[in-house]
Amino acid sequence: MTDPTYDIERYLNVRSAHSASVADDGTLAFLMDTTGTPQVWSLEEPGAWPEQHTFYEERVTFVDWSPERRELAFGMDEGGNERAQLFRLDPDSGVVTEWTAMPEAKHRWGGWSHDGERIAFASNRRDEAVFDVYVQGRDEAGDDAELVYEGDGWLSLAGWSPDDSRLLVHEAHASYEHDLYVLDVATGDATHLTPHTSEARFQSPEWAPDGDAVYVCTDHASDTLRLERIALGADAGGDDAHATGDLTVVADGDGWNVDGVVVDEESRRVAYSRNVEGYTEITVGEFTAPDRIDAFAEPSLPECVAGGFSFGPDADRAAVTVTGSTVNTNVYEVDVKSGAAERWTYAATAGIPSETFVEPELVHYPTFDGREIPAFFSTPDDAGDGDTPVIVDIHGGPESQRRPSFNAVKQYFLNNGYAVFEPNVRGSSGYGKAYAHLDDVEKRMDSVADIEAAVEWLHDHPVVDPDRIVAMGGSYGGFMVLSAMTEYPDLWAAGVDVVGIASFVTFLENTGDWRRELREAEYGSLEEDREFLESVSPINRADEIAAPLFVLHGANDPRVPVGEAEQIVEVASEHVPTRKLIFDDEGHGFSKLSNRIEAYRAIVEFLNEHV
């Protein structure tokens, strides 16, 4: 018997629970989108009926328990504009206190002090193009925040030192070029921890239990990320015998990225994750020496993508967000020593049986220069010989990676007879620095050639109808759609561009001031590379588009301004069937359930008509 089919609204009502934080009493706070946008919920025990604590139409972006009181910090922006504000919530009374109240500025959460009396955050309230560091009392608001450090770039915070005297500051110069600093809160002095001469990432930094070192995932001396320890000397507030900045390898990823680490200071327990072909492998253990971790049993989680590790009381248990191709996103708790895992949240699947969800096949296909490009290929259960349409779904970033996480829209397409092909073309993260740089600036179009190679591979696949292949992608993936349709117009039956870039020149001219330098490091600069940027912008070859095109965007998009959608539609509509859908209350993507239903229902109608 074939599986029943469900409409797109049903799939978009599949819920997710994630971003968990564990209180001292074991209460789990998390975000869940049962109402249509992520809100704050909590649970006292696994599988119980959760309690909802926020009731906004806008999305909540994070939640974090105070270490000393029964109160929560959370963040929320407006209309997808990414200018997050910070709030304090009393979960028992429901009272919400607005901490920041500066809606024109972005605020990036930096954590509670250990005594729960202060918070830290990074914000661009002084200058839209740069981020500064602020400290604020839990009872203070707005202008009460103290500016303790003026930055000159893209800063974020990684928490307070164990004695609350210092903050760990992360600066991103580009996606693969980072620095770390220790900031003395009282004096405002910042000690540079990561002087380096060649490009390097220093991500997921964590204080060592005694505050005398920092653990970080870095590729400063390797192609992939490793877990390393940075010693802190007296100049950085530590007492390590080594000089500040000395690095020691703690865990090597064996050719894969160690992409996250979490340390519990009191118990000296630690968890770190590896990204192996897109799947997460977690190691939990404890420090038996500064550079040695004795591992406990491996957590017994589903084959998945996992993250957001949060230790509970005494670090005996830890919460972790789990998602898989056939497992919608939920929070599990893991017994740290035994590895036994227990599911705590039961975000609904909208009545769709989980056994109807399709697991992808991990494949590798050859491209023009002999490389093997990794991809996930999912086919409907009833795919026949040579008659299956395929959606080539291209991720954004470009320093991102398509991983085997739950995707309700993909499952809808599969349920309705479409296969879905998700390539990680050159430039994707997850496969080392060298692979990520294969599409930089003048090599931009090599990644588009990888898409052509993907279609050639699909043409040889026995279930695929070569005349019904669709290009679909969002953000930078939207650029890839437009570029593939202009460079290889004969390959496509249709294209769907969601919040995509049509012109690198107008994109860089109009994106948020705080993002321009980061993006120019990847794409090329307006000052030095304008001619090249014009040459690779799809808008300048839009007359080559030969297939129907659907363009969707959010009017409040701070990353890729809505003008990118307007200009490509204006040109393409002169010679191919073109549709445009703009949401006035969305930003870079669609967060509200009603808008997502409208957007993907329209996409489905478009594909049904043209494919």
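For reference, positions follow the sequence shown, starting with 1.
- Remark: E78 does not engage R83 in a salt bridge, criterion side-chain N to carboxylate O under 4.0 Å.
- Ion pairing of R444 with D439 is present here, as a side-chain N (NZ or NE/NH1/NH2) and a carboxylate O approach within less than 4.0 Å.
- Atom-to-atom distance recorded for F532:CZ and E442:CD is 6.5 Å, nearest 0.5 angstrom.
- Pairing each heavy atom of A454 with each of Y365, the nearest pair is N-CE1, 3.4 Å.
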Report task. Given ring-ring contact (aromatic ring centres under 6.0 Å, His included), test F30 with H18 step by step and report yes or no. Result -> CA-CA 6 Å; F30 55 96; H18 55 91; 8.9 Å; no
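- A donor and an acceptor atom, one from each side chain of T506 and Q567, are located under 3.5 Å apart.
- Between R59 and D77, at least one side-chain nitrogen of the basic residue sits less than 4.0 Å from a carboxylate oxygen of the acidic one, meeting the salt-bridge criterion.
- Ring pair W457/F377: centre-to-centre distance below 6.0 Å.
- Side-chain contact, E199 with H437: a donor N or O sits under 3.5 Å from an acceptor N or O.
- The two residues S198 and E177 come nearest to each other via the heavy atoms O-OE1, 4.3 Å.
- Of the inter-residue distances, the one linking E605 atom CD with R601 atom CZ reads 7.5 Å to the nearest 0.5 angstrom.
- For the residue pair D450/T367, the side-chain donor-acceptor check at 3.5 Å is satisfied.
- A distance-only check finds a donor-acceptor pair linking the side chain of R274 to the backbone of G253 [under 3.5 Å].
- The environment of D385 atom CG is sparse: at most 12 non-hydrogen atoms of other residues, nucleotides or ligands sit within 6.0 angstrom.
- Checked against side chain to side chain donor-acceptor pair (under 3.5 Å), D393 has the following partners two or more places apart in sequence or in another chain: R402.
- One finds a salt bridge joining K410 and E422 here, because a Lys/Arg side-chain nitrogen approaches an Asp/Glu carboxylate oxygen to under 4.0 Å.
- Few gaps surround CD on E372; more than 12 heavy atoms of other groups in view lie less than 6.0 Å from it.
- Distance check: R10 CZ to I597 CD1 gives 12.5 Å after rounding to the nearest 0.5 Å.
- Across every non-hydrogen atom of Y435 and P374, the tightest pair is OH-CD, 3.7 Å.
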Enumerate, atom names and distances included, each donor-acceptor pair closer than 3.5 Å involving a side-chain atom of residues 540-550, sequence neighbours excluded.
{"residue": "N540", "atom": "ND2", "partner": "E534", "partner atom": "O", "Å": "2.7"}
{"residue": "N540", "atom": "ND2", "partner": "E534", "partner atom": "OE1", "Å": "3.0"}
{"residue": "R541", "atom": "NE", "partner": "E487", "partner atom": "OE2", "Å": "3.1"}
{"residue": "R541", "atom": "NH2", "partner": "T486", "partner atom": "O", "Å": "3.3"}

Report task. Quick one: do T323 and T329 satisfy side-chain hydrogen bond (donor to acceptor under 3.5 Å, both in side chains)? Show the steps, please. Result -> CA-CA 4 Å; T323 177; T329 306; 3.2 Å; yes
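- Residue E57 qualifies as open at atom CD: its count of foreign heavy atoms under 6.0 Å is 12 or below.
- One side chain, Q401 or Y431, offers a donor N or O that lies under 3.5 Å from an acceptor on the other.
- For the pair R343 and Y346, the cation sits on the ring face: its NZ or CZ lies under 6.0 Å from the ring centre, inside 45° of the axis.
- Interatomic distance, I391 CD1 to R468 CZ, rounded to the nearest 0.5 Å: 11.0 Å.
- For residues 474-485, there are no salt bridge (charged side-chain N to carboxylate O under 4.0 Å, His left out) pairs, not counting sequence neighbours.
- The two residues S222 and K433 have their closest heavy-atom pair at O-CE, 3.2 Å.
- Atom CG in L414 sits 9.5 Å away from atom OG in S325 (nearest 0.5 Å).
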Query - Test log, rule side-chain hydrogen bond (donor to acceptor under 3.5 Å, both in side chains), inputs T349 and N328 - result: CA-CA 7 Å; T349 62; N328 63 316; over 6 Å; no
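- The line from CZ of F583 to CZ of R596 is 11.0 Å long, rounded to the nearest 0.5 Å.
- Geometric assessment of R108 against the ring of F131 yields a positive cation-pi assignment under the 6.0 Å and 45° thresholds.
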Requested in this report: Could you go through the side-chain hydrogen bond (donor to acceptor under 3.5 Å, both in side chains) check for R201 and S175 one step at a time?
Outcome: CA-CA 8 Å; R201 286 177 289 177; S175 296; over 6 Å; no
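- A 4.5 Å side-chain heavy-atom check between L607 and V470 finds at least one atom pair inside the cut-off.
- Among residues at least two apart or in separate chains, ring pair (Phe, Tyr, Trp, His ring centres under 6.0 Å) pairs with a member in residues 393-420 are Y11-Y412, F357-F406, F413-Y418.
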Report task. Output, in order, the C-alpha distance, side-chain angles, deciding distance and verdict of side chain to side chain contact (heavy atoms under 4.5 Å, CB included) for R403 and N275. Result -> CA-CA 9 Å; R403 302 181 68 177; N275 173 355; 3.6 Å; yes
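- Taking the side chain as every heavy atom from C-beta outward, L593 and D33 never approach each other to under 4.5 Å.
- At least one side-chain heavy atom of V505 sits less than 4.5 Å from a side-chain heavy atom of R530.
- Side chain to side chain, T578 and S573 fail the donor-acceptor criterion of an N or O pair below 3.5 Å.
- The two residues A375 and F421 come nearest to each other via the heavy atoms CB-CZ, 3.6 Å.
- Every pair passing salt bridge (charged side-chain N to carboxylate O under 4.0 Å, His left out) that includes a residue from residues 585-595 is listed here, sequence neighbours excluded: E58-K592.
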Query raised in the report: Are F507 and F479 close enough, and set up right, to give a ring-ring contact (aromatic ring centres under 6.0 Å, His included), and what steps lead you there?
Result: CA-CA 11 Å; F507 159 68; F479 155 76; 9.8 Å; no
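- Heavy atoms only, all atoms of each residue included: V611 and A493 are closest at CG2-CB, 4.2 Å.
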Report task. Apply side chain to side chain contact (heavy atoms under 4.5 Å, CB included) to M445 and V536, showing your working. Result -> CA-CA 7 Å; M445 303 310 289; V536 297; 3.8 Å; yes
**Report entry** side chain to side chain contact (heavy atoms under 4.5 Å, CB included) evaluation trace for V441 with Y523
**Finding:** CA-CA 5 Å; V441 192; Y523 301 134; over 6 Å; no
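- H178 and H173 have their aromatic ring centers separated by at least 6.0 angstrom.
- A donor atom on one side chain and an acceptor atom on the other are found under 3.5 Å apart for D259 and S273.
- In this structure the side chain of E171 never reaches within 4.5 angstrom of the side chain of W154, judged on heavy atoms.
- Side-chain atoms of D219 and T224 form no donor-acceptor pair, as typed in the model, at a separation below 3.5 Å.
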**Report entry** CA sep, side-chain torsions, deciding dist, call: L12, V409, side chain to side chain contact (heavy atoms under 4.5 Å, CB included)
**Finding:** CA-CA 7 Å; L12 290 176; V409 175; 3.8 Å; yes
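- Remark: R371 engages D369 in a salt bridge (charged side-chain N to carboxylate O under 4.0 Å, His left out) (not counting sequence neighbours).
- For the pair T379/T388, no side-chain contact is recorded, criterion being any heavy-atom separation below 4.5 Å from C-beta on.
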